[in-house]
Amino acid sequence: MRIVLVEDNLQLATTIAEGLTEDGYTVHSVATAAGAIERGMRRDLDLMVLDLGLPDRDGIEVLRELRAARINVPVLVLTARDAVDARVAALDAGADDYLVKPFAFAELVARIAALARRAAGPRWAPASDVPLTMRDDLVIESGDRTVSLSPREYALFGCLLRRRGEVVARTEILRDAFGYEFDPGTNVIDVHLNHLRKKLQGFPVSIETVRGAGIRLVVAE
Ligand code: CA
């Protein structure tokens, strides 16, 4: 699961990122509102942890911009502002949860897990036109059929499913599903694609390789 952590206190950001990484999350840290919006607009994150006091703009504005762009990723606001009206303002702007600093790391983790579970429901599930469900326990479900994926396969499938019908470039897949900002120069995508194709036999999707362009997931009518 990919978390974008928006926090300008670098020491705190490092501590949180290290803790979440140990818990198995993929964490991308950004320190500005502009960075948060840019990252959010890519639509490839599963959850955002958002500080409100940022150096360039208020975190509330990040929320408003993302929500205005219909980006419904769960957002957990993390801030030193503890007044009731500050919480209400954040929730009104589209926050899903709110945690006041200083906080216990265990509570942050518990809330992230809770948001992830909730997000696995209809709100962040694929659109209703897709006859399958990505469960948060890495199981893909379609009718009576289920298959269990590895975290990488699951991320790869989610990345393709979100952009179904489109050819997704390999560099985008590497970034979105694997967290690589660089090309590792291996056939890592193909290895996972092969596994995925085998596992998804009988499911109403097909994964096509478009030579020289990328990968496309097609959902059967
Ligand atoms: Ca701050």
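Both ligands and their constituent atoms are indexed starting at 1 by order of listing. Both backbone and side-chain heavy atoms feed into the values below; hydrogens, waters and symmetry mates do not. Since the model is a prediction, treat every value here as computed from it, not as a measurement.
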For this session: Would you mind checking if Lys199 and Glu153 are paired as a salt bridge, meaning a charged N to carboxylate O distance below 4.0 Å?
Result: yes
For this session: Give a yes or no on whether a salt bridge exists between Asp97 and Arg111, defined as a side-chain N under 4.0 angstrom from a carboxylate O.
Result: yes
For this session: Measure from the Ca ion (ligand 1) to every N/O/S atom of Asp8 and report the name of the nearest one.
Result: OD1
Exercise. What N, O or S atom of Asp51 is found closest to the Ca ion (ligand 1)?
Worked result: OD2
Exercise. Is there an N/O/S atom in Gly53 at a distance below 3.0 Å from the Ca ion (ligand 1)?
Worked result: yes
For this session: Could you tell me whether Asp190 and Arg197 have a side-chain N and a carboxylate O separated by less than 4.0 Å?
Result: no
Exercise. So, Arg57 and Glu65, do they make that salt bridge, N to O below 4.0 Å?
Worked result: yes
